[in-house]
Amino acid sequence: MNRLAKSLRPLGFADCPGWDRDNQTLAFSAFRRCADYAVSNSYKSGSLGISFDALQPAFAAARVLADPDVRQARAFFEKYFVPCRIGDEATKAFVTGFYEPEIEASLVSDAHFNVPFLAKPDDLVKITQENRPAGLDPSFAFARQGAGGIVEYYDRRAIEQGSLAGRGLELAFVADRIDAFFAHVQGAARLRLRDASLMRITYAAKSGHPFTGIGRILVAEGEIAADEISMQSIRRWLRENPDRADALIWRNRSYVFFREAPVSDPAAGPVAAAKVPLTAGRSVAVDRLLHTFGTPIYVDAPTLAAFGNEPFSRLMIAQDTGTAIVGPARGDLFAGSGDAAGEIAGGIRHRADFYALVPRALVEGELHGA
């Protein structure tokens, strides 16, 4: 059995600021989606020691608890879990935000809609320990199957300058280069087509190159002050510097390929890494090497008031991941879909405390030396 990481310190729910004021029914709905998925699927267990098997009793109980009220939902989490603070006062814990952009688009290109979203190419291969060639950067998760073997894939600049043109990979076209870039950063988008129908695209693969945040470049080069960096300020810089925008964007060599995803519920978020639709304000992206998808995580960020104009103290469910999400107390909060959600997500960069809700049986087993 996996041992719990020493960075997880068992506490009581009274030690989670605002726990009694939170509406855990919304978190329960998100948790229930993972529980339903777990009937015939599994999640890889993270190295913090919260195993997928340990979550199974709570998953099973959630599947038979229909539409709980606040009291019942809170009691459910208190029955099956023990809050464990991740790290201590010295831990550099913080949250950012992400969202699903909504962009006007077309299924055919013309003079206005001419920036494509591309599907995964057939020569892109996932790199594993078995097929990784000598000399390939160890950070590469994808590469290209060439005639002479596996080689580095085309990067963002090469692709945007036409290295994949003529291969029929275009899923849809948008008008704005900057909108497309931010959809790549978010890993998903809702496309509003000309006939007013909705098309959803989501992450399928990437070129393999390491992600480089252009915001960090702008700060390092003195273009934007560190305390002013946000999605909005980055967008503004790109708009105000069109002659320099391409060169900056191309410094992020990572390029994302998409797939079309069904829109079964327009009100729900995109299906993300945990293979369930995200819930606005209740789904959090985490470091998947450390955390196990489906784990409830209580986040206390008292200086964050973008959600509901009150200090952010909410139970979240680990349901996504991201290249920049590294460390046990690092989270990316899903703000929802559309421009309003983008305004919320773009301004989130706050210190926070994280409390992983660890299955009670696992904590008790640790305490008794099991």
Side-chain angles (χ1 to χ4, degrees), residues 1-5 7 34 37-56 117-160 163-169 171 184-188 201-213 250-261 270-276 285-295 318-328 330 332:
M1 182 183 73
N2 288 349
R3 306 295 295 183
L4 286 176
S7 59
C34 288
Y37 177 81
V39 170
S40 54
N41 303 276
S42 63
Y43 294 128
K44 183 177 180 180
S45 297
S47 62
L48 286 180
I50 304 173
S51 67
F52 174 74
D53 287 344
L55 289 167
Q56 290 288 25
F117 289 116
L118 301 183
K120 177 183 175 183
D122 58 10
D123 60 346
L124 184 75
V125 295
K126 187 170 181 60
I127 299 302
T128 65
Q129 290 183 342
E130 289 71 27
N131 68 359
R132 181 179 297 278
L136 183 68
D137 189 310
S139 68
F140 277 55
F142 293 90
R144 179 164 59 94
Q145 182 63 60
I150 293 176
V151 296
E152 181 179 308
Y153 207 77
Y154 308 112
D155 67 2
R156 174 176 294 279
R157 179 172 185 168
I159 293 170
E160 292 186 349
S163 64
L164 298 180
R167 294 174 58 171
L169 299 174
L171 294 170
H184 278 240
V185 173
Q186 302 301 320
I201 57 172
T202 191
Y203 170 92
K206 57 185 178 180
S207 62
H209 302 85
F211 176 87
T212 300
W250 288 336
R251 290 172 72 175
N252 177 17
R253 300 181 68 203
S254 177
Y255 187 92
V256 173
F257 300 104
F258 294 89
R259 62 178 176 83
E260 184 175 358
V271 174
K275 309 302 182 185
V276 299
V286 295
D287 186 334
R288 70 181 308 170
L289 297 179
L290 301 174
H291 292 276
T292 303
F293 287 147
T295 300
Q319 294 180 319
D320 202 4
T321 191
T323 305
I325 311 303
V326 179
R330 172 73 175 89
D332 209 14

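All values derive from a computational prediction rather than experimental measurement.
Closest heavy-atom contact between G294 and L55: C-CD1, 4.3 Å. Nearest heavy-atom pair, F140 versus I127, reported as atom, atom and distance to 0.1 Å: O-CB, 3.8 Å. Contact between T321 and R288 at its shortest, heavy atoms only, is OG1-N, 3.6 Å. The minimum heavy-atom distance between Q145 and V125, with the atom names listed, is CB-CG1, 3.9 Å. Scanning both residues, F211 and T323, for their nearest heavy atoms gives CB-CG2, 3.7 Å. In this structure, D287 and G327 approach most closely via the heavy-atom pair OD2-N, 3.0 Å.
To the nearest 0.5 Å, atom CG of residue L118 and atom CZ of residue R167 are 10.0 Å apart. F117 CZ to L169 CG: the interatomic distance, rounded to the nearest 0.5 Å, is 14.5 Å. To the nearest 0.5 Å, the span separating CG on D320 from NZ on K275 amounts to 10.0 Å. Distance check, rounded to the nearest 0.5 Å: CH2 of W250 to CG of D155 gives 10.0 Å. Atom OH of Y203 is separated from atom CD of Q186 by 15.0 Å, given to the nearest 0.5 angstrom. For the atom pair L171 CG and I201 CD1, the distance stands at 6.5 Å (nearest 0.5 Å).
In this structure, R259 contributes its side chain and A204 its backbone to no donor-acceptor pair below 3.5 Å. The closest donor-acceptor contact from the side chain of T292 to the backbone of I50 lies under 3.5 Å. Between the side chain of N131 and the main chain of K126, a donor-acceptor pair closer than 3.5 Å is present. Within the 3.5 Å criterion, the main-chain N or O of A318 finds no donor-acceptor partner in the side chain of T295. Between the side chain of H291 and the backbone N or O of P328, at least one donor-acceptor pair lies under 3.5 Å. Counting only distance, with no hydrogens or angles, the side chain of S254 and the backbone of P210 share no donor-acceptor pair below 3.5 Å.
The shortest distance between side-chain heavy atoms of S207 and R156 does not fall below 4.5 Å. Counting only heavy atoms from C-beta outward, the side chains of C34 and F293 never approach each other to under 4.5 Å.
Ring geometry, Y37 versus Y43: the interplanar angle falls under 30°, so the pair is classed parallel (tilted spans 30 to 60°).
Remark: the D53 side chain and the S51 side chain contain no N/O donor-acceptor pair separated by less than 3.5 Å.
Ring-centre distance between H184 and Y255: below the 6.0 Å cut-off.
The salt bridge (charged side-chain N to carboxylate O under 4.0 Å, His left out) test with E152 singles out one residue from R132, R253, R144, and that residue is R253.
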